[in-house]
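Start at 1 and go down the list; that is how both ligands and their atoms are numbered. The residues of the chain are indexed from 1 along the displayed sequence.
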Amino acid sequence: MPLNALFAANPKRWPEYEPELNRAFAEAGLDVYLSQDIAPEQVDYIVYAPGSSVQDFTPFSRLKAVLNLAAGVETITGNQTLKVPFARLVDTGLTQGMVEWVTGHTLRHHLGMDAQIINPTQAWAPAYPPLSRDRAVTVLGLGTLGLACAEALAALGFNVAGWSRSPKQHDKITCYSGDEGLKQALAHGQICVLLLPSTPGTANTLNAETLALMPRGSFVINPGRGPLIDDTALLAALESGHIAHATLDVFRQEPLPQDSPYWAHPNVTVTPHLASETRADTSSEVVAENIRRCEAGEPLLHLVDRKAGY
Ligand code: NDP
């Protein structure tokens, strides 16, 4: 008897995922029937994504695990009908994409590239940037993505500090944690990257008080989640010049409404939640590995701590 896996992620991505998931199942030695349409009481595993049409898990009486195709889980952690293990996505493709996006936007601000790219007066006015070793960068969140970005920036020579919930140690990154640690982390960096999950504990991490702790003329780069930032406070800090520029990939409301002041702000770059995308080939292998583990009675990878919210 094959295992039944329901693909309940975005149907638009089915053509891309069907072959990759079936390949990964075969490579893992699993006999899995994968479909977008299986009677709930016959489903063993759900391949999931935020925004899925499946919101009530009650009819899935023999469900063993839900395997998410995204790293962010804030829309699902509170779902009381979900009673089986729930794994989020950690995938090499997703991580590499985020490292590239964060590194690119950090280098843009570090090198002052806009002055050459947008130079309407054709001014010949060289402004030499400091070397990376003289530029301090802070990464809020030292999980899978934050740590990978912090390590990539440190490898480029930046003076990197990071902040997380639990204390950490790293030979190339100055690590802070807790409320006091946040103050030190924010005072450290002229470029601040947010890679925290959206939870009650991280809401408005950047607010009027914490933005004021950052050095004057700092840059904010947010590929984490919209609620991490108090928008009113950020706009005020941009107006005053305390924050020189904000590059924002994620927002409280997406798509970002047309009347959002962010769109027209000269010191804001809006990107449409594209910092990193789940890759079908690598993420399918993670899903297959978790099904293999579950069938073998081994602990699943990347389980979400529903209480912590990430
Ligand atoms: P992880 O769960 O691996 O890491 C989260 C990090 O945040 C951990 O270091 C954790 O601390 C820290 N953290 C959580 N709560 C707090 C808190 N209250 N105070 C201080 N630190 C805290 O997540 P990922 O790195 O995989 O992903 C991070 C986020 O990136 C996702 O939640 C998602 O929102 C976003 N994302 C955005 C994408 C995009 O395209 N824009 C794509 C993919 C993800 P600790 O280490 O102590 O647990």
- Counting both backbone and side chain atoms, is some N or O of Leu274 under 3.5 Å from an N or O of ligand 1? no

- Nearest protein heavy atom to atom 29 (C) of ligand 1, by residue and atom, and its distance? Leu196 O, 3.8 Å

- Looking at atom 5 (C) of ligand 1, what's its closest protein heavy atom, distance included? Pro197 CD, 3.6 Å

- Can you list the residues that meet the salt bridge (Lys or Arg N to Asp or Glu O under 4.0 Å) rule with Glu20, with sequence neighbours excluded? Arg23

- Task: Note the single closest protein heavy atom to atom 2 (O) of ligand 1, along with its residue, its atom name and the distance in Å.
- Result: Tyr310 CD1, 3.2 Å

- Check the pair His302, Glu289 against side chain to side chain donor-acceptor pair (under 3.5 Å), reporting the backbone distance first and the verdict last. CA-CA 11 Å; His302 320 308; Glu289 171 60 10; over 6 Å; no

- Which protein heavy atom lies closest to atom 8 (C) of ligand 1, and at what distance to 0.1 Å? Gly143 N, 3.6 Å

- Rounded to the nearest 0.5 angstrom, the CG-CD distance for Asn159 and Gln190 is 9.0 Å

- Item | side-chain hydrogen bond (donor to acceptor under 3.5 Å, both in side chains) contacts touching residues 115-127 (sequence neighbours left out) | none

- Look at atom 37 (C) of ligand 1 and say which protein heavy atom is nearest, naming residue and atom and giving the distance to 0.1 Å. Pro223 O, 3.0 Å

- Starting from atom 46 (O) of ligand 1, find the nearest protein heavy-atom neighbour and note its residue, name and distance. Lys168 NZ, 2.7 Å

- Item | Residue selection (non-hydrogen contact nearest atom 36 (N) of ligand 1) among Arg225, Glu277, Arg165 | Arg225

- Query: Between Tyr45 and Phe25, is the gap from one ring center to the other below 6.0 Å?
  - Reply: no

- Identify the closest protein heavy atom to atom 43 (C) of ligand 1: which residue and atom is it, and at what distance? Leu145 CD1, 3.7 Å

- How close does the nearest protein non-hydrogen atom get to atom 26 (O) of ligand 1, and which residue and atom is it? Arg88 NH1, 2.9 Å

- Taking the six-membered ring for Trp, is the centroid-to-centroid distance between Phe158 and His110 below 6.0 Å? yes

